[in-house]
Amino acid sequence: MAAADAGPDADDGRAAHPARAFVDLGAIAHNVQVLRAAAPTAAVMAVVKADGYGHGLLPTARAALAGGATWLGVAQLAEALTLRAGLAAQPGAPRPRILTWLYAPGAPLHLALEADLDLSASAPWAVAEIDRAARATGRTARVHLKVDTGMGRGGARPEALADLLAAAGAAAAAGTVEVVGVWSHLACADEVDNPATAAQVAAFGEALARVEAAGLHPQVRHLAASAGTLFHPGTHFDLVRPGIAVYGLTPAPDVADAAALGLRPAMRLEARLALTKPAPAGTPLSYGHTARTTTDTHLGVVPLGYADGVPRAASGAGPLQVAGRRYHVAGRVCMDQVVVDLGPESAAVRAGDTAVLFGDGAAGEPTAEDWARVCGTISYEIVTRLGARVPREYRGAGPDDGRAEQP
Ligand SMILES: *Cc1c(COP(=O)(O)O)cnc(C)c1O
């Protein structure tokens, strides 16, 4: 991965890729500190699912821990196992709690217990499978009961909670399960005035009371993701679970942009132009000839396409910066490349020069949020869809970097 350090062969390998995503680990540590300051009474679980939202699972996880996260969260069991093994492989590394919450019946939960993971359970069948894995491994499982307070997705609805509590209570009495957490997820926290958030907090309070009445005393109650952490202090409880904000992107661009929140976008996506050439006015561009040059001009070929995660919906619109100037994708996004009309004044731009698709915006370059806007999506999708073909290169490092930047 950190190919640049590993000698000439690695340099060749690096140069064999025309594009790369630079990930600023200092920014990730800084963002976690911003989130800790926003939720001073709660611990932080950095959510690193989907390969750290496209930024790379292990480097991102380590940077988040350096910034003060004490928990990590991932959706899938396979991600959690990779995460635990990767962190454990580094001598002296911290050993955070890791929660994983999305699995289907028959998942190898014994592996979760052997890897010392925390598991979510939304239904009695899940408790039964966890109980079985606990008996098979001789380990007590740490379980977070998930309640549906209004998201209408995971979790037990109020009318199903009694059965979940009965199953969990029986397993706790048998010593196979420890109910360490109760949790839920907010549906509308990015809309600051939406009354659904207060309704979910109230429903969560009722569920917590029923858990306690059942004789279960969880250590951590958690409800907030990034938007809850940043905009709704009443959702913080004992633990917050930010994802997108860890990567320096706003969960709610209509409420506040990253800079207003003190967040630093961690990813910068660049490619080196694979070709530049003059073209006369009226030259049709890319598949379907949906665009045409309007003047005698220069074209640039950017070696990133939809196979790399550049949305095809960015055709004719996706912003880029070349030599300090702003352009946009001309014509259709192809599988491996896009065309940019560099304009008549750009004869000095050469093959090999850098096109910046997005960065933190500090040098006037577009941001992932800009791409999201022109594509009619959210920044989450822009960064998580970045293809495996694009190498990630890490900058800024560890704990000291992060701590030097107390907000
Ligand atoms: C993805 C996810 C998060 C993080 O959400 P962000 O909006 O990225 O902060 C938190 N909790 C759960 C259950 C999730 O699935």
Side-chain angles (χ1 to χ4, degrees), residues 28 31-32 34-36 38-39 42-55 57 60-61 64 67 69 71-80 83 97-103 117-122 126 143-156 181-192 194 196-197 200-201 204 207 220-232 235-256 258 261 263 265-267 368-369 372 377-386:
I28 288 174
N31 296 330
V32 170
V34 168
L35 291 157
R36 283 168 63 204
V44 173
M45 174 190 293
V47 176
V48 294
K49 62 190 177 185
D51 198 30
Y53 286 46
H55 296 64
L57 175 68
T60 293
W71 291 68
L72 298 172
V74 285
Q76 299 181 359
L77 178 55
E79 301 181 289
L83 179 59
R97 295 280 286 274
I98 298 175
L99 174 65
T100 180
W101 55 81
L102 204 56
Y103 54 89
L117 306 176
D118 286 40
L119 287 164
S120 174
S122 289
V143 172
H144 299 236
L145 299 179
K146 187 160 194 191
V147 292
D148 182 357
T149 55
M151 174 72 180
R153 195 177 68 178
V182 176
W183 71 304
S184 188
H185 192 57
L186 297 169
C188 304
D190 57 330
E191 300 167 21
V192 282
N194 193 316
T197 299
Q200 286 198 253
V201 171
F204 193 52
V220 286
R221 305 158 298 164
H222 47 113
L223 184 55
S226 294
T229 305
L230 291 165
F231 307 133
H232 303 279
T235 65
H236 291 171
F237 294 91
D238 307 307
L239 179 65
V240 293
R241 305 187 309 270
I244 196 72
V246 167
Y247 307 97
L249 300 170
T250 176
D254 298 337
V255 178
L261 294 168
L263 300 172
M267 187 189 286
E369 187 56 51
T377 183
I378 53 178
S379 63
Y380 295 67
E381 191 178 356
I382 298 296
V383 290
T384 55
R385 66 182 293 154
L386 185 70

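Order of appearance sets the numbers: ligands from 1, and atoms from 1 within every ligand.
Taking atom 14 (C) of ligand 1 as the reference point, the nearest protein heavy-atom neighbour is Lys49 NZ, 2.9 Å. For atom 7 (O) of ligand 1, the closest heavy atom belonging to the protein is Tyr380 OH, 2.6 Å. Among all protein heavy atoms, the one lying closest to atom 10 (C) of ligand 1 is Arg241 O, 3.3 Å.
Contact between His222 and ligand 1 is absent, with no heavy atom of the residue lying under 4.0 Å from the ligand. Within the 4.0 Å heavy-atom shell around ligand 1 one does not find Pro251.
A donor-acceptor contact shorter than 3.5 Å is absent between the side chain of Ser379 and the backbone of Ala372. Under a 3.5 Å cut-off, the side chain of His222 and the backbone N or O of Ser184 do not form any donor-acceptor pair.
For ligand 1, none of its N or O atoms has an N or O atom of Ala245 under 3.5 Å away. No N or O atom of Ala227 sits closer than 3.5 Å to an N or O atom of ligand 1. Residue contacts with ligand 1: Lys146 is placed with no nitrogen or oxygen under 3.5 Å of a nitrogen or oxygen of the ligand (distance criterion only).
Nearest heavy atom pair, residue Ala61 against residue Leu83, reads CB-CD1, 3.7 Å. Taking each heavy atom of Phe237 and Arg221 in turn, the nearest pair found is CB-O, 3.1 Å. The two residues Ala258 and Thr250 come nearest to each other via the heavy atoms N-CB, 4.0 Å. A pairwise comparison of heavy atoms in Leu186 and Ala224 identifies CD1-CA, 4.4 Å as the closest pair.
The aromatic rings of Tyr247 and Tyr53 sit parallel, their planes meeting at an angle under 30°, below the 60° perpendicular limit.
Under a 4.0 Å criterion applied to the non-hydrogen atoms of Tyr53, ligand 1 contributes the atoms 1 (C), 4 (C), 5 (O), 6 (P), 8 (O). Near Ile244, with a cut-off below 4.0 Å to any heavy atom, the atoms of ligand 1 are 6 (P), 8 (O), 9 (O). Heavy-atom proximity to Pro242, at under 4.0 Å, picks out these atoms of ligand 1: 9 (O). The atoms of ligand 1 that sit less than 4.0 Å from any heavy atom of Ser226 are 6 (P), 9 (O). Residue Arg153 approaches ligand 1 through these ligand atoms, each under 4.0 Å from one of its heavy atoms: 15 (O).
Residue contacts with ligand 1, taken as heavy atom pairs separated by less than 4.0 Å, involve Trp183 solely via side-chain atoms from C-beta onward.
For His144 and Trp71, the gap between ring centers is short of 6.0 Å.
Atoms CG and CG, from Leu35 and Leu230 in turn, are 5.5 Å apart once rounded to the nearest 0.5 Å.
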